[in-house]
J.: 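Have a look at the structure that comes next, please.
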There are 2 protein chains.
Amino acid sequence: MANIRDVAKKAGVSVTTVSRVINEHPYVKQEKRLAVLMAMEEVGYVKNINAVHLSKGTTGMIGIVLPFIDHPYFASLLNGLAHEARVHQKKLVLFQTDYEIDHELEALELLRQKQLDGLIFCSRQCNWSVIEAYQSYGTIVMCEKMDERISYTFVDHYRIFQEALGYLKKKGYERIGYCIGRRSGSNSLARETAYRDFLVEKGQPFREEWIFDGCYDLEDGDSVVQQLQDLEKKPDALLVTSDHVAAGIMSAAGKRGIRIPEDLAVIGFDNHPIARMLSITTFDLPLEEMGRNLFRQVLSSDVSSTEISATLVERKTV
Amino acid sequence: MANIRDVAKKAGVSVTTVSRVINEHPYVKQEKRLAVLMAMEEVGYVKNINAVHLSKGTTGMIGIVLPFIDHPYFASLLNGLAHEARVHQKKLVLFQTDYEIDHELEALELLRQKQLDGLIFCSRQCNWSVIEAYQSYGTIVMCEKMDERISYTFVDHYRIFQEALGYLKKKGYERIGYCIGRRSGSNSLARETAYRDFLVEKGQPFREEWIFDGCYDLEDGDSVVQQLQDLEKKPDALLVTSDHVAAGIMSAAGKRGIRIPEDLAVIGFDNHPIARMLSITTFDLPLEEMGRNLFRQVLSSDVSSTEISATLVERKTV
DNA sequence: TTGTATGCGTTATCAC
DNA sequence: GTGATAACGCATACAA
């Protein structure tokens, strides 16, 4: 396989000159430039990019850490990330973690070893302190509310939950529960806090059984409705942190004769196409734009934070 | 930043010995091994993986070429790919092409430059001949029916379409149309051929207006139903190459009082959760397993082909 | 069991 | 404008 030295020999110039024409540097006589170009053609030159990476100390690759790809929320986010990556001629390396800390560490390790120039955490399981230790090896950005030590793009889930709860209250619902993916994670915690604060303010008791976790996909809506049926005292409204779970709930409810919103109100999240299809009241979240913003942040050398706002889309499930 | 040479000096051994303990080679005295380990600790050694890549000529990275991430079909495929990649300690580099040939070429170029050890085409727009030219630079596998010159995992879309058409015929439907993403692409072509062959066999005329393309997502079902309404002579059954489009059709049909399957029968594809939710008759496709198999093939040095079979799941839309 | 020397292919520095 | 040459950091054939 021909390398830069072969080309230099063939063209009768130095490797430096070859490097110059490859990288389109100035100060190369037209005549030599052409000789190099021809030589490259003749010997079938192909640049070995690993040598470039070694020499430069960067790779132009950004790692993306997310728990699942096969989930509309992360797929939309990834879509935005991928589009922005193209704009900047960067490549995306995928780390699907299934929320296992070991997999997250792998990504961090590759950052340390200089295989990655930066890392974007779309969601995480590990402690912030372990991530913090890796910041010196490259830019890391987060998709949740952090502090001034790191760049992040976030949605104020506390405020949105507050808004959603207030909306339901205003509409006359008195027994509100919610569905969520996992209970841990800072976004989930913010929501739980908003929920608890709301209950305290309204003087209502906190009921563990009105929080349904493990809610990620369409199918999980089924089990929520099932659990609902077994409850002595049932909620009359549900905040559902994913439109797909909300859709699953509506489907399962329909099959059991539970009327929505008469028997059970539902508010979804994300405003995915399925929400429009089923006329689900939901919060619109510009996920693709979030992805693009995260990517811009990882390329920037200064830390920044940007809040993404969600807007209520009123439809027919409340 | 400390390198292998610093460690060697600190430990009072050669770089070779350090390299041996790093890579867990045999023939290193326990005593020296410990000295090296301690030295690594002391100087804060971090392996620069780009140097390894350059030296070895491989990177352990596999490129994945697909048109859209934000689509359930490709997300499921990617899910399988990602899981199998982990098993083999390989990394995935994503190329979202939007079916633009330039983006496909970028991926091929990185294979050539040794940034990628292999490439998986989940779908493509460019000609086979351009891909073929890159095979000498690394393993390439395809997700469609090819020939013995390359490894591939495929679904026999001709046969499945045949089966689907036969099934609709048997159920008494006489005016069958279909919805598809793009008309081009070998999978699409196979389906169109099956469709045309079926019509010829049954002595029915081919009607361009019963083929609806540009059908990818939920929302596209809307426009299909709209186009349907404007048709003088309407199909009484539709083969829909994505469950999500089928779901969109059902939703739009419901809003316009079109009864399914009485006025319009629908068969979906993929057997995604939404198909179960809406009781859509569909063909089950093990997408995750397809992804895993593609990944195994890209790691293997010998060419192979494996057929993935789809099975009809009878529900309530036919 | 260990070390020396060389190769991997490019970029960057500096002298001319 | 151009060219030697020194990094970049590791793996490995070969020698000992």
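Residue numbers begin at 1 in each chain, while the letters A, B, ... track the order of the sequences. Because only heavy atoms are used, hydrogens play no part in the values below, and waters and symmetry mates are left out as well, while side chains stay in. Keep in mind that this is a model prediction, so the values were computed, not measured.
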J.: Under 3.5 Å, is there an N or O donor on one side and an acceptor on the other linking the side chain of A:Arg33 and the base of D:dG1?
T.: no
J.: How close or far is atom P of C:dC8 from atom NE2 of A:His53, stated in whole angstroms?
T.: 19 Å
J.: Between C:dT11, C:dT1, D:dA11, which nucleotide gets closest to the side-chain atoms of A:Lys47?
T.: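 Ranking C:dT11, C:dT1, D:dA11 by closest atom to the A:Lys47 side chain puts C:dT11 first.
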J.: I want to verify a distance call: between D:dC10, D:dT2, C:dA5, whose nearest atom is closest to the A:Val28 side chain?
T.: D:dT2
J.: Compare side-chain N and O positions of A:Lys32 against OP1 and OP2 of D:dG3 and report whether any pair is under 4.0 Å apart.
T.: yes
J.: Please report, rounded to the nearest Å, how far the P atom of D:dG3 is from the NZ atom of A:Lys9.
T.: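 Nearest whole value for this atom pair: 15 Å.
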J.: Check whether any side-chain N or O of B:Thr17 sits under 4.0 Å from OP1 or OP2 of C:dG3, and answer yes or no.
T.: yes
J.: Which part of the nucleic acid does A:Val46 contact within heavy-atom distance under 4.0 Å: base, sugar-phosphate only, or nothing?
T.: sugar-phosphate
J.: Among C:dT2, C:dG9, D:dA11, which nucleotide has an atom closest to any side-chain atom of B:Lys56?
T.: D:dA11
J.: So, does B:Lys114 get its side chain near the phosphate of C:dC8, meaning an N or O under 4.0 Å from OP1 or OP2?
T.: no
J.: Are there over 12 heavy-atom neighbours, none belonging to A:Glu41, within less than 6.0 Å of that residue's CD?
T.: no
J.: For B:Met40 and D:dC10, what is the distance between atoms CE and P respectively, to the nearest whole Å?
T.: 10 Å
J.: For B:Val18, report the nucleic acid contact type (base, sugar-phosphate, nothing); a contact means any heavy atom under 4.0 Å.
T.: nothing
J.: Hey, is the side chain of B:Ser55 poking within less than 4.0 Å of OP1 or OP2 on D:dC10, counting only N and O atoms?
T.: no
J.: What's the closest nucleotide to the side chain of A:Val52 if the choices are C:dT11, D:dC10, C:dT4?
T.: C:dT11
J.: Specify the separation, in whole Å, of atom CD of B:Glu24 and atom P of D:dA11.
T.: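 It works out to 12 Å between those atoms.
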J.: Let me know the distance between CZ of B:Arg20 and C1' of D:dA13, rounded to the nearest Å.
T.: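 After rounding, the reported distance stands at 11 Å.
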J.: Separation of A:Glu31 atom CD from D:dT2 atom P, in whole Å?
T.: 8 Å
J.: Strictly below 4.0 Å: does A:Tyr45 bring a side-chain N or O up to OP1 or OP2 of C:dT10?
T.: yes
J.: Tell me whether B:Glu106 is salt-bridged to A:Lys91, with the criterion being a basic N under 4.0 Å from an acidic carboxylate O.
T.: yes
J.: If you assign A:Asn48 and B:Ser14 each to the DNA chain C nucleotide with the nearest heavy atom, which residue ends up on the more 5' nucleotide?
T.: B:Ser14
J.: What's the closest nucleotide to the side chain of A:Leu54 if the choices are C:dC14, D:dT12, C:dG9?
T.: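 Nearest to the side chain of A:Leu54 among the choices is C:dG9.
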J.: With respect to the side chain of A:Tyr27, which nucleotide from D:dT2, C:dT10, C:dT2 is positioned closest?
T.: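 Nucleotide nearest to A:Tyr27's side chain: D:dT2.
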J.: Ignoring hydrogens and geometry beyond distance, is a side-chain donor-acceptor pair present between A:Tyr99 and A:Ser123 at under 3.5 Å?
T.: yes
J.: Report yes if a side-chain nitrogen or oxygen of B:Ser19 is closer than 4.0 Å to either non-bridging phosphate oxygen (OP1 or OP2) of D:dA11; otherwise report no.
T.: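 Yes, B:Ser19 has a side-chain N/O under 4.0 Å of OP1/OP2 on D:dA11.
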J.: Against the six-membered ring of A:Tyr27, is A:Arg20 placed for a cation-pi contact (under 6.0 Å from the centre, within 45° of the normal)?
T.: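 No - A:Arg20 does not lie over the ring of A:Tyr27 by the 6.0 Å and 45° rule.
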J.: Under a 4.0 Å N-O cut-off, is there an ion pair linking B:Glu289 with B:Arg296?
T.: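 Looking at B:Arg296 together with B:Glu289, the answer is yes, because their closest N to O distance falls below 4.0 Å.
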J.: Locate the shortest heavy-atom distance separating B:Cys122 from B:Ile64; write the atom from each residue and the value.
T.: SG-CG2, 3.9 Å
J.: So, OP1 or OP2 of C:dT11: does either fall under 4.0 Å of a side-chain N or O from A:Asn23?
T.: yes
J.: Would you kindly give the CD-to-C1' distance between B:Gln113 and C:dT10, to the nearest whole Å?
T.: 12 Å
J.: Can you tell me how far P of D:dA11 sits from CG of B:Asn50, to the nearest Å?
T.: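 The answer, rounded to whole Å, is 12 Å.
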